[in-house]
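In what follows, every chain begins at residue 1, and chains take the letters A, B, ... in the order their sequences are listed.
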Amino acid sequence: VKGYRYAVLVVLGAAFLIAFNLPQTVSRPLRSLSREAMAPFQGALRQVADAAADLFRGLVRAGALARERDRLAQELAAGRAASRRLDAVERENAELRRWLGFAAEPNRCVPSEVIAREDGSGWWQTIRLNRGRLDGVGTNQPVVTLAGLVGRTQSVSARSCDVLLISDPNCRVAVEVERTGTPGILSGGGVSVAGRHEAGFLCPMAPCAVEYLDKDAPVQVGDAVRTSGLGGVYPPGILVGQVSRLYTNASRLYLCADVRPAADLARLRRVAVLLPDGARQPARRAPAEAVTGAVP
Amino acid sequence: MMTVAVMTVLLGAAGVLQSLIPGPAAFGGAKTPLLLAVVLHYALSHSLGAMVMAALVAGIVQDSFSLTPMGYSALGFTVLGIVVNRLRDSLVRENLITAAVVGAACAAAMTLAMYGMLAVGADFVSQPFGRIALKTAGTAGLAVPATPAVWWIARRADRLVGLEERDGS
């Protein structure tokens, strides 16, 4: 009888595996329900952890922070002066665009806060944002910071979404080396290390690498890598990172390049989801909150 | 009723903490297996039914915090829970070394099982052997301190509401 009971339990487990996997209509509501229930706790804990980390950093680096504040104040003053000059240039640019018939429509952005920086299982490189379908966010939309590309939206529910980072091996991005125009495919290395972006303990790991570069292309360490726009998910010209190491692949047919991401993937706090042109207006947020802005 | 209440609190807290605590790159990005530790506690100290319920809920929580298809973790937790449940009469339950060894072994087995299921069943890019070995060793290493801590908290919670005497040992 006992053996029979265990057999039934194993069969039940297998049935669960099949039942959860077969129809998306069954698994999606369950996943959404669990995510939406946990999202407020994740967000609150994330804020507490960030506040504690900020406090610790502030205490440790008090002197350096004071010097940095003075430097930033000077930069702000210089920036304001430059901004006044740029206003005139922008007006002139808009006038010229009208004359040339160009539509000045930069990507619409949905500013979002990161409520979870870590995937729960350790198998994916993801972050969770506090914006979802109600804010106009859909799947496969690019996510950026001011520094550069972060990834793309993967799984979206009403008030939150998961973003697959460019450091995930399942994330592929069509890119090109800015200086030479050499095209390649960027894929994640499965790790995003705080601060230095690289780890070489036991096995070589880098956050991202570009594959299929022409082996005769004059690519150099330090070259900027940007999205090429091929594939349609990412608009062209978004900064991805800099080349940190060059090597040929095992077959010696192509050049490969490790890339240090421009965005600090391990410390993301605020990001923006780029909505495609003609995306429907968010239902929950005021339209003014979906700001327009230039791609980094 | 109290079993369900305590289980809900333990699994909720473990799930949120597991998603919050970073996976160290030196350990292959392995996560601290807090949810697994809760399931193992129920396998050792509670009835089989309670363990299966804990395994299913823990699986749903873990899979909803990641892009893993729903059900993979639940299956892994359930199978490991049944194995540990069957072995519990030969284990010294309230022992630090038991907790560390059982936790580490189950965490390593869970990591390998999850990779196998993902590689076969999901649209998942295969990973180099070195990284899988590093992640497996990493999750086992993280389970060594995590499992005794979780078991201690879970036992305290059970004793607080008078559950241990009724359900388990």
Side-chain angles (χ1 to χ4, degrees), chain A residues 2 5-6 9-10 12-21 26-28 30-38 41-42 44-46 49 116-126 128 154-155 162 164 168-172 187-194 198-199 201-205 266, chain B residues 12-13 15-33 35 48 52 55-56 59-76 78-79 82 86 111 114-115 117-118 121-131 133-135 137-139:
Chain A
K2 223 174 182 181
R5 200 168 63 173
Y6 289 127
L9 282 172
V10 171
L12 263 179
F16 263 102
L17 180 70
I18 293 162
F20 281 132
N21 269 315
V26 175
S27 67
R28 196 178 293 142
L30 195 62
R31 184 188 290 272
S32 291
L33 186 73
S34 177
R35 275 168 41 162
E36 299 290 326
M38 290 293 185
F41 299 105
Q42 281 185 300
L45 264 174
R46 165 61 50 209
R117 270 197 292 266
E118 292 283 334
D119 157 61
S121 69
W123 287 106
W124 311 85
Q125 294 280 307
T126 59
R128 180 162 294 169
Q154 175 83 3
S155 172
D162 284 342
L164 192 66
D168 190 288
N170 298 280
C171 187
R172 303 272 168 152
S187 60
V191 63
S192 57
V193 186
E198 275 164 27
F201 182 71
L202 284 188
C203 66
M205 285 191 284
Chain B
V16 173
L17 279 176
Q18 184 171 313
S19 74
L20 186 73
I21 297 169
F27 286 8
K31 302 293 290 187
T32 311
L35 284 166
L48 193 66
V52 171
L56 293 177
I60 290 169
V61 170
Q62 177 156 305
D63 289 347
S64 69
F65 279 161
S66 75
L67 299 175
T68 308
M70 293 296 274
Y72 282 25
S73 301
L75 179 68
T78 308
V79 171
I82 289 171
R86 290 208 66 171
T111 303
M114 283 299 289
Y115 178 66
M117 283 193 279
L118 283 170
D123 189 12
F124 189 74
V125 172
S126 62
Q127 311 240 337
F129 172 78
R131 186 165 305 139
L134 184 61
K135 195 184 277 279
T139 193

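B/Y115 touches chain A through backbone and side chain together, each having a heavy atom under 4.5 Å away. Neither the backbone nor the side chain of B/T32 comes within less than 4.5 Å of any heavy atom in chain A. Only the backbone of B/I21 comes within less than 4.5 Å of a heavy atom in chain A; its side chain stays farther off.
Note that the CG atom of A/N170 and the CG atom of B/L67 stand 8.5 Å from one another [nearest 0.5 Å].
A heavy-atom distance below 4.5 Å is not found between the side chains of A/W123 and B/K31.
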